[in-house]
Amino acid sequence: MKNIAVLTSGGDSPGMNAAIRAVVRSSIYNELKVYGVQKGFNGLIHGDVVEMNISSVADIIQRGGTILRTARCEEFETEEGIEKALNIIDIFNFDGIIIIGGDGTLRGAKTLSDRGIACIGIPSTIDNDLPFTDCTIGFDTALNTVLDAVNKIRDTTTSHERVSIIEVMGRKSGDIALYSGLAGGAESIVVPEMEFSFESICKKLLQGKNRGKLHSIIMLSEGVGNAIKLAEDIESKIGMEVRITILGYLQRGGAPTAFDRILASRFGAKAVELLLQGKSGRVVGIRNNDIIDEDFDVALNTKKKFNEYMYELAKILSI
Ligand code: F6P
């Protein structure tokens, strides 16, 4: 193992830079040459590669986004694209690649691994939708960003005695809605993993209003969709005034929390360690505060378990 590459792909998440820094610094510490591939698999296909040194990753641990840039790359889903990437790997003589991103990115890493390239994945996505790890890089920061917004929206919701629907990201995962709903004291949490009853949402809103509650917050995961329809239905069914806030991309930016910086640093160092041990086709993760690694096949073919206990707890605590 002499030359390794690192890339970020898919949706960015706060803490990606801390992971890049950890990969680069751990590699240099272990006397490896380390290259940064720009714009995810696109950079691998087109040879967009720069050699990194200790200073390339100075002053980034606290920054959101990714200094390597990122992209969603359809070309890498074709045989031609994969062949081009393999060619660049050959030209630069990469002995191993560390790939940072979410589900789609890690599937891309598995494609390379299946073609004989030594690959290690690092889970980084705000969605927290990966089954093999207790959490992914960026989730904690996104959660805190959402909570800050919930607090502010709650102020104005109370002043006007309204209902607020707050739509959050997560793709098909309800984790951002669930955790921010529990931490923010939301009256209802609507996620793709659990069937929701419109009637019980309305009943809860009315019960709250009748006992003098001045606001109600509904956390809605984007995977369920249609905040506008839900708002209209509530207004026409029970006559309460509803406003919608779609938090969107602000959830993906900002300085990573201490938790995400530490997680990313541990993941980055572990990924380099695995390559140095001659391991490949594995993804790192965290379980009960231990850094673990898992085979791509197992990691990517397991279904993530939704935390129903937390969902029920949020219901109980918001009576
Ligand atoms: O996977 C992260 C995520 O932010 C999802 O929560 C969201 O659905 C999606 O990416 C948005 O993707 P894009 O950046 O391609 O619009």
Side-chain angles (χ1 to χ4, degrees), residues 6-21 23 36-45 48 60 63-77 81 97-112 119 121-146 149 166-180 191-193 220-225 246-257 259-261 263-264 267-268 271 283-285 296 299-300 304:
V6 56
L7 67 83
T8 52
S9 167
D12 62 351
S13 67
M16 271 185 167
N17 278 330
I20 297 168
R21 173 180 177 273
V23 168
V37 179
Q38 309 267 348
K39 294 181 224 133
F41 293 107
N42 268 311
L44 210 49
I45 288 172
D48 202 348
I60 64 165
R63 292 186 202 283
T66 158
I67 59 160
L68 292 176
R69 308 292 172 247
T70 187
R72 300 194 193 275
C73 179
E74 280 176 19
E75 200 180 351
F76 191 69
E77 283 161 30
I97 309 188
I98 293 174
I99 297 182
I100 306 170
D103 184 63
T105 299
L106 298 176
R107 286 180 197 281
K110 179 174 151 40
T111 302
L112 288 179
C119 275
I122 296 182
S124 186
T125 163
I126 63 163
D127 298 342
N128 204 36
D129 57 350
L130 297 170
F132 54 87
T133 181
D134 291 346
C135 56
T136 54
I137 300 171
F139 175 62
D140 185 66
T141 307
L143 201 53
N144 281 290
T145 302
V146 170
I166 305 177
E167 187 187 292
V168 293
M169 278 186 168
R171 215 181 279 271
K172 288 182 186 150
S173 161
D175 271 20
I176 299 180
L178 172 65
Y179 284 67
S180 63
V191 292
E193 292 91 340
L220 172 70
S221 183
E222 68 173 356
V224 180
I246 298 174
L247 294 182
Y249 291 91
L250 75 82
Q251 295 163 91
R252 287 224 309 237
T257 56
F259 181 86
D260 275 330
R261 295 180 203 195
L263 185 69
F267 278 179
V283 61
V284 302
F296 275 145
L300 298 172
K304 183 174 157 98

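Computation of the quantities below employed the complete heavy-atom set of this structure, encompassing side-chain atoms and omitting hydrogens, waters and symmetry-equivalent molecules. One is the number of the first residue; the rest follow in order along the sequence. Bear in mind that the values here come from a model prediction, so they are computed numbers and not experimental data.
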S.K.: Closest heavy-atom contact between L143 and S180?
M.R.: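 Shortest heavy-atom contact: CD1-N, 3.5 Å.
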S.K.: When rounded to the nearest 0.5 angstrom, what distance separates OG in S173 from CD in E222?
M.R.: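 These two atoms lie 9.5 Å from each other.
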S.K.: Can you list everything that forms a salt bridge (charged side-chain N to carboxylate O under 4.0 Å, His left out) with R72? Sequence neighbours excluded, please.
M.R.: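 Salt bridge (charged side-chain N to carboxylate O under 4.0 Å, His left out) check on R72 returns nothing, list empty.
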S.K.: Taking atom NZ as the centre, does K172 end up with more than 12 heavy-atom neighbours from other residues, nucleotides or ligands that are less than 6.0 angstrom away?
M.R.: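 No - once you tally the heavy atoms of other residues, nucleotides and ligands closer than 6.0 Å, there are 12 at most.
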S.K.: Which heavy-atom pair separates A299 from F132 by the least distance, and what is that distance?
M.R.: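 Reported closest heavy-atom pair: CB-CD2, 3.3 Å.
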S.K.: What's the verdict on side-chain contact (heavy atoms from CB on, under 4.5 Å) for L44 and I97, showing C-alpha distance, side-chain angles and the deciding distance?
M.R.: CA-CA 10 Å; L44 210 49; I97 309 188; 4.3 Å; yes
S.K.: Output all residues satisfying side-chain contact (heavy atoms from CB on, under 4.5 Å) with D140, sequence neighbours left out; order by chain, then residue number.
M.R.: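 side-chain contact (heavy atoms from CB on, under 4.5 Å) check on D140 returns N144, T257, F259, D260.
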S.K.: So, taking the atom named NZ in K304 and the one named CG in D127, what distance separates them when rounded to the nearest 0.5 Å?
M.R.: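 That separation rounds to 10.0 Å.
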S.K.: Hey, what do you get for CD1 (I176) to CE (M169), rounding to the nearest 0.5 Å?
M.R.: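 Taking CD1 in I176 and CE in M169, the distance rounds to 8.0 Å.
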S.K.: Using the side-chain contact (heavy atoms from CB on, under 4.5 Å) criterion, which residues pair with T136? Sequence neighbours excluded.
M.R.: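 Once residues adjacent in sequence are excluded, the partners of T136 under the side-chain contact (heavy atoms from CB on, under 4.5 Å) criterion are P123, T125, N128, L130, T133, F139.
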S.K.: Please report the closest heavy-atom contact between V191 and A177, naming both atoms and the distance.
M.R.: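 The pair with the smallest heavy-atom distance is CG1-CB, 3.9 Å.
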S.K.: For the CZ atom of R261 and the CZ atom of R21, what is their distance to the nearest 0.5 Å?
M.R.: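 That separation rounds to 10.0 Å.
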S.K.: Decide yes or no on salt bridge (Lys or Arg N to Asp or Glu O under 4.0 Å) for D129 and R171, but give the supporting numbers first.
M.R.: CA-CA 9 Å; D129 57 350; R171 215 181 279 271; 5.2 Å; no
S.K.: Within the 4.5 Å heavy-atom criterion, are T145 and I126 side-chain neighbours or not?
M.R.: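 Counting from C-beta outward, T145 and I126 never come under 4.5 Å.
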S.K.: Does T66 have any side-chain contact (heavy atoms from CB on, under 4.5 Å) partners at least two apart in sequence or in another chain, and if so, which?
M.R.: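 Partners of T66 under the side-chain contact (heavy atoms from CB on, under 4.5 Å) test: T8, D12, M16, N17, I20, L68, T70.
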S.K.: In the structure I gave you, are the side-chain heavy atoms of L112 and I99 within less than 4.5 Å of one another anywhere?
M.R.: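 Yes, side chains in contact.
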S.K.: What's the shortest heavy-atom distance between C135 and L263, and which atoms?
M.R.: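 Closest pair (atom of C135, atom of L263, distance): SG-CD2, 4.1 Å.
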S.K.: Is there side-chain contact between N42 and D48, with at least one heavy-atom pair below 4.5 Å?
M.R.: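 No, side chains not in contact.
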S.K.: Which atoms form the tightest heavy-atom contact between G64 and P256, and what is the distance?
M.R.: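 Between these two residues, the closest heavy atoms are N-CD, 4.0 Å.
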S.K.: Checking side-chain contact (heavy atoms from CB on, under 4.5 Å) between I100 and each of T105, L106, V6, which is the one that passes?
M.R.: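 Checked T105, L106, V6 against I100; only one passes side-chain contact (heavy atoms from CB on, under 4.5 Å): V6.
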S.K.: Starting at OG of S221, measure out to CD1 of I166 and round the result to the nearest 0.5 Å.
M.R.: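 If we round to the nearest 0.5 Å, S221:OG and I166:CD1 are 13.0 Å apart.
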S.K.: How close do S13 and S124 get, counting heavy atoms only, and between which atoms?
M.R.: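 For S13 and S124, the tightest heavy-atom pair comes out as OG-OG, 2.7 Å.
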S.K.: Indicate yes or no for a side-chain donor-acceptor contact from E167 to the backbone of L220 under 3.5 Å, with no hydrogens or angles considered.
M.R.: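 Checking the backbone N and O of L220 against the side chain of E167, no donor-acceptor pair under 3.5 Å is found.
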S.K.: F41: what forms a ring-ring contact (aromatic ring centres under 6.0 Å, His included) with it, not counting sequence neighbours?
M.R.: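 For F41, the residues satisfying ring-ring contact (aromatic ring centres under 6.0 Å, His included) (neighbours in sequence not counted) are F76.
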S.K.: Which residues pass the salt bridge (charged side-chain N to carboxylate O under 4.0 Å, His left out) test with K110, sequence neighbours left out?
M.R.: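 K110 satisfies salt bridge (charged side-chain N to carboxylate O under 4.0 Å, His left out) with D114, D297 only.
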S.K.: Do Q251 and V146 make a side-chain contact, defined as non-hydrogen atoms from C-beta onward lying under 4.5 Å apart?
M.R.: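 Side-chain contact under 4.5 Å: yes.
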